[in-house]
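We use all heavy atoms of the structure for the numbers below, so side chains are in, but hydrogens, waters and symmetry mates are not.
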Amino acid sequence: MKLKELAEELGLSQTTVSRALNGYPEVNKATRERVSEAALKFGYSANANARRLAIGRIGAIGILMPRDRSERFGPHTSEFFSGLAEQLSRDEMDLLMSPSINNDELAAYKRLISSKRVDGIIVTGPTLMDERVAMLTEAKFPFVLHGRTNIAAPHAWLDIDNAGAFRQAATHLIDIGHRHIAMIDGLKGHTFSEHRETGYREALLERGIPVDPRFIVHERFSDETGFHEAQRLLSYTPHPTAILAGSMMTALGVFRAIRSKGYELGKEVSVVAHDDVFPYLNASNMVPAMTTTRSSIRSAGSRIAELLVRVLDGEPVESIHEIWPVELILRQSSGPPVAPRR
C-alpha cells in the first residue's frame with residue numbers, strides 16, 4: 001500500500017498521515033494511534049528516506065575512532081558496536097565511524113558536526129574532566145556519553161556502577177579471609193577506572209586494611225598486560241593472595257601468571273574479573289570457573305542507541321541518566337586463602 005492509498009482509506013490528507021506516522025505532536029494522539037493501527041492492518045511501511053526527509057533527519061549516528069584506538073580495538077569495542085548496530089538497524093539508522101587525524105578528537109568532532117553527515121554522536125571512553133563533552137554541549141549537538149564525567153554541563157549518559165562492582169568484589173574477598181588484594185584495571189584518568197579504584201579502596205579501608213600502592217595497576221586491557229603485571233605482583237613478599245582483573249582479557253593473562261608461578265588458582269591465589277559478557281569467552285567454562293562482576297557491554301551499546309534516538313526526539317538530556325547495577329557471580333576462582341604448598 002502507498003501513502004496515498006492509506007490516506008484515502010482513512011479519509012485524511014497524505015500530510016496528516018505522514019506526520020502522524022512520524023510522531024508529530026501537532027497531530028493529536030487519537031489520530032496518531034488510528035493511523036498507526038491502519039498502517040499495521042494494511043501492511044503499510046514508510047520509505048525510510050522519505051521519512052527522514054519528512055522529519056528533517058539524515059538517518060545516521062556518528063562515533064569517533066581515534067588512530068591509537070587500534071590498540072584498544074578488541075572484544076569490548078566490537079561487542080559495543082554490535083549492540084549499537086542492532087538497535088540502530090531497528091530504527092533504520094546508519095552508524096558512521098569517523099577517524100581522527102593525529103588523535104585530535106576535538107577537531108574530528110567539529111569536522112563531523114560541520115559535515116552534516118550525522119544526526120547525533122556517541123562519545124565513549126570519558127575522562128574525569130572530558131573536554132569533548134564540554135565542546136559538544138557548547139555546540140548544542142545531540143550526543144550520549146557512554147560512561148560519566150565530572151563536567152557540569154547537562155548531557156545524556158549511561159554508565160555501570162563501576163565503583164560498586166569493585167567494592168563488591170573486594171568485600172567478597174575480604175569476607176573469605178584475604179588481606180593482600182591487588183587490582184589490575186584500565187588506564188588512569190578514565191572515569192570507569194578511577195571509579196573502580198575508588199570502590200576497591202573503600203572496601204579495604206572500611207575493614208581497616210591498608211592500601212598498598214604497589215598493588216594498584218592501571219594499564220591497557222590485554223592478556224599480555226595481565227600476565228606481566230600479575231607476575232610482578234606475585235614476586236612481592238608478601239604477594240597478593242587475590243587479584244581483581246578489570247576485564248576478561250586481562251584475567252586470562254593473570255590465570256597464566258598464577259600457574260607459571262606454581263600457585264593453585266582459587267586457593268593459593270584467587271581471581272575476580274569484570275565480565276563484559278563476550279559470547280566467545282564464557283567465565284563459567286574456564287578452569288576453574290571464574291568469579292566475576294557481570295554487565296553486558298553489548299546491551300549497553302543497544303541501550304545507548306535507544307537513548308540517542310530519545311535525545312533526537314527532543315527529550316531533555318537532564319532526564320537521560322542511567323546507572324546500571326553490576327552483579328557479582330561467585331564461582332570457583334575465588335576462595336579462602338590457602339598457604340602455598342612449597
If I take atom CG from residue L328 and atom NE2 from residue H172, how far apart are they, to the nearest 0.5 angstrom?
6.0 Å
Those residues at least two apart in sequence (or on a different chain) that pass side-chain contact (heavy atoms from CB on, under 4.5 Å) with S302 are Q87, R90, E306
In a check of side-chain contact (heavy atoms from CB on, under 4.5 Å) between I151 and each of L128, T127, V133, which one passes?
V133
Would you say the side-chain atoms of Q168 pair up with the backbone N or O of V326, donor to acceptor, closer than 3.5 Å?
yes
Return yes if a side-chain donor-acceptor contact under 3.5 Å exists between T124 and H146, otherwise no.
no
Taking H178 for the side chain and G335 for the main chain, is one N or O donor matched with an acceptor at less than 3.5 Å?
yes
Q14 atom CD: more than 12 heavy-atom contacts under 6.0 Å:
yes
Any donor and acceptor pair, going by atom type alone, linking the side chain of T16 with main-chain N or O of L12 inside 3.5 Å?
no
Should L158 and V309 be counted in the same cluster of Ile, Leu, Val, Met, Phe, Trp and Tyr side chains packed under 4.5 Å apart?
yes
Hphob cluster co-occupancy, L234 + L265, side-chain heavy atoms under 4.5 angstrom:
yes
OG1-CZ distance between T293 and R167, expressed to the nearest 0.5 angstrom
12.5 Å
Is D119 reaching over with its side chain to a backbone N or O of I61, donor-acceptor style, under 3.5 angstrom?
no
So for atom CD, which belongs to E224, do other residues, nucleotides or ligands contribute more than 12 heavy atoms lying within a distance under 6.0 Å?
no
Look at E219 together with K188 and state whether they make a salt bridge at an N to O cut-off of under 4.0 Å.
no
Flag for S193-H218: side-chain donor and acceptor within less than 3.5 Å
yes
Stepwise side chain to side chain contact (heavy atoms under 4.5 Å, CB included) test for V118 and F141:
CA-CA 10 Å; V118 297; F141 196 78; 4.0 Å; yes
Using atom types as modelled and distance alone, determine if a side-chain donor or acceptor of T291 lies under 3.5 Å from a backbone N or O of V272.
no
Under 3.5 Å donor-acceptor, D91 side chain and M93 backbone
no
What orientation do W157 and H321 show, parallel under 30°, tilted 30 to 60°, or perpendicular over 60°?
parallel
Please tell me whether Y263 and H239 form a close aromatic pair, meaning their ring centres lie under 6.0 Å apart.
yes
Say whether, by atom type as modelled, one donor and one acceptor occur between the side chain of R294 and the main chain of I329 under 3.5 angstrom.
no
Quick test of your reading of the model: are K41 and E37 salt-bridged, counting only N-O distances below 4.0 Å?
no
Would you confirm whether R196, through its side chain, and G246, through its main-chain N or O, come within 3.5 Å as a donor-acceptor pair?
yes
Considering residues at least two apart in sequence or located in another chain, which fulfil the side-chain contact (heavy atoms from CB on, under 4.5 Å) criterion with K29?
R32, E33
No-hydrogen, no-angle side-chain donor-acceptor test under 3.5 Å, S334 and S270
no
Does a side chain donor of either R331 or S284 reach within less than 3.5 Å of an acceptor in the other side chain?
no
Passes side chain to side chain contact (heavy atoms under 4.5 Å, CB included), I63 versus F80? Steps please.
CA-CA 12 Å; I63 192 166; F80 181 71; 4.1 Å; yes
OG1 of T31 to CG of L10, rounded to nearest 0.5 Å, is 9.5 Å
Measuring from L308:CG to I121:CD1, what's the distance to the nearest 0.5 Å?
9.0 Å
Check R259 with E264, please: is the shortest side-chain N to carboxylate O separation under 4.0 Å?
no
Between R298 and S296, does any side-chain donor sit less than 3.5 Å from a side-chain acceptor?
no
Decide whether F255 and M249 are clustered together by the hydrophobic rule: side chain heavy atoms of Ile, Leu, Val, Met, Phe, Trp, Tyr closer than 4.5 Å, transitively.
yes
Cation-pi between R214 and Y236: NZ/CZ under 6.0 Å from ring centre and within 45° of the ring axis?
yes
d(E229 CD, D185 CG) to nearest 0.5 Å is 12.0 Å
Keeping the roles fixed (side chain from S247, backbone from F221), state whether a donor-acceptor pair exists under 3.5 Å.
no
Same cluster (ILVMFWY, side-chain, under 4.5 Å), V211 and I174:
yes
Do I304 and M97 belong together in a cluster built from hydrophobic side chains that touch within less than 4.5 Å?
yes
Taking R256 first and then D223, would you say they form a salt bridge - that is, a charged N and a carboxylate O separated by under 4.0 Å?
yes
Spacing of F143 atom CZ and L136 atom CG [to the nearest 0.5 Å]:
5.5 Å
Going by heavy atoms in the side chains, are W324 and D159 under 4.5 Å from each other?
no
Kindly say whether V338 contributes a backbone atom to a donor-acceptor pair with the side chain of E268 at under 3.5 angstrom?
no
